[in-house]
2 protein chains.
Amino acid sequence: MKVSQRTEYGIRAMISLARHYDDGPSSIKEIATGEGIPGAFLEQIMAELRRGGIVESQRGVNGGYMLSKSPNETSVGTVVEILEGSLSPARCESDCSKMPDCSTRTVLKKIEESITKTLDNIYLDELLKVGVHEE
Amino acid sequence: MKVSQRTEYGIRAMISLARHYDDGPSSIKEIATGEGIPGAFLEQIMAELRRGGIVESQRGVNGGYMLSKSPNETSVGTVVEILEGSLSPARCESDCSKMPDCSTRTVLKKIEESITKTLDNIYLDELLKVGVHEE
DNA sequence: TTTAAATCCGACTAAATTAGTAAGGTATTA
DNA sequence: TAATACCTTACTAATTTAGTCGGATTTAAA
């Protein structure tokens, strides 16, 4: 029930992009050194976020990444969903019928719904107000 | 963000105990075969639940496990907390101060709170009403 | 037009975690 | 005293995670 390091990095990077939303694209290197994330690893993560459609990239000199939509339209739920590969903790879809009780699935569904609902209602701009020590 | 197989087994086992709440202790073997869980693995899980205080054991012939409290006093949250080792997805407690932004931690806290609150409000007896195919 | 800065892409690897086995010990009761 | 069932620890195979690495492609600026 932990968010993976990968996803945590992803969230961090997205917050960084939100913070510099009006400053043009941020390069991997900038984000990586700013957030203390291994560059080559972040590269993978950003590519995934791009394929997920929530960031756009500009190649070449002075290129980098930027948010596809404004920070108040980008929810953390989307970020997590893209990186974590669906929030669904259910695992018994296929062969559930032969199990003696499926209450378990009900519980897992509830968990999933709860998480999804929560995360979908947290937007990046809200996060900018908190915990910024300096920069 | 998935519940581990271990935890899923744990929930399943707890539901089984709830279902037979008035029938005296259930042995590992009974639960395992009934729920399709590897016995030796379940043994570990039950021991952990016992140490967590939500089930009690009776050794020796005709022994087994039983719920410490009634199904309507035992929440799924407790089960998950014991097996998953705290629901906290936060990981930066110690060296958070040197990070440029801790909004991430805020998000993770929100996730945690959401999950905890949800699970703490689901009790075993509610689950008995659902998805029982036969037995 | 060349060069440097950047994204892109796929393959690889080490470490950690997970899921499960195995074996032997200890308590209880018939 | 024998069978049953919990208890405990150690081990292992498979999977996942957290990266690394090398090179190709795009782009802007010199």
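Letters A, B, ... are given to chains in the order of the sequence lines, protein chains preceding strands, and every chain is numbered from 1. Just so it is clear, the structure is predicted and the values come from calculations on it, not from any experiment.
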Q: Taking only the side-chain heavy atoms of A:Tyr9 (C-beta and beyond), determine which of D:dC7, D:dT8, D:dG19 contains the nearest atom.
A: D:dG19
Q: Please tell me which of B:Arg51 and A:Arg6 maps to the more 5' nucleotide of DNA chain D, matching each residue to the nucleotide holding its nearest heavy atom.
A: B:Arg51
Q. Taking it one step at a time, do B:Arg6 and B:Glu48 satisfy salt bridge (Lys or Arg N to Asp or Glu O under 4.0 Å)?
A. CA-CA 11 Å; B:Arg6 179 188 192 79; B:Glu48 214 169 322; 2.5 Å; yes
Produce the list of close N/O pairs, under 3.5 Å, pairing protein atoms with atoms of nucleotides 10-13 of chain D; give distances to one decimal.
from   : atom 1 : to      : atom 2 : distance (Å)
D:dA10 : N6     : B:Gln44 : NE2    : 3.2

Q) Any side-chain heavy-atom pair from B:Ile54 and B:Met14 closer than 4.5 angstrom? A) yes
Q) Would a 4.5 Å heavy-atom cut-off, applied to side chains only, mark B:Glu8 and B:Ser4 as touching? A) no
Q: To the nearest Å, give me how far apart CD (B:Glu48) and C1' (D:dC6) are.
A: 16 Å
Q | Euclidean distance, atom CG of residue B:Leu49 to atom C1' of D:dC7 [Å, nearest integer] | A | 14 Å
Q. When you check the gap from the basic side-chain N to the acidic O, do A:Glu35 and A:Arg19 get nearer than 4.0 Å?
A. yes
Q) Can you check whether A:Arg50 has a side-chain N or O nearer than 4.0 Å to OP1 or OP2 of C:dC9? A) yes
Q.
Among C:dT7, C:dC8, D:dT8, which nucleotide has an atom closest to any side-chain atom of A:Glu43?
A. C:dC8
Q.
Just N and O in the side chain of A:Ser57: are any of them under 4.0 Å from OP1 or OP2 of C:dC8?
A. yes
Could you go over nucleotides 27-30 of chain D and give all protein N or O partners under 3.5 Å, atom names and distances?
from   : atom 1 : to      : atom 2 : distance (Å)
D:dT27 : O2     : A:Val61 : N      : 3.4

Q) When rounded to the nearest 0.5 angstrom, what distance separates OH in B:Tyr123 from CD in B:Glu73? A) 9.0 Å
Q: Could you tell me whether the phosphate oxygens of C:dA5, OP1 or OP2, come under 4.0 Å of any side-chain nitrogen or oxygen in A:Ser27?
A: no
Q. Which of the following nucleotides, C:dC8, D:dA18, C:dA19, is nearest to the side chain of A:Tyr65?
A. C:dC8
Q: Go through the side-chain N and O atoms of A:Thr78 and A:Glu81 and say whether any donor and acceptor fall under 3.5 Å apart.
A: no
Q) Between A:Glu8 (CD) and D:dA18 (P), how many Å, whole number? A) 10 Å
Q. Under the side-chain hydrogen bond (donor to acceptor under 3.5 Å, both in side chains) test, which residues partner A:Glu30, sequence neighbours left out?
A. none
(Q) For the CD1 atom of A:Ile31 and the CD1 atom of A:Ile37, what is their distance to the nearest 0.5 Å? (A) 7.5 Å
Q | Donor-acceptor contact below 3.5 Å, side chain A:Ser68 vs main chain A:Gly53 | A | yes
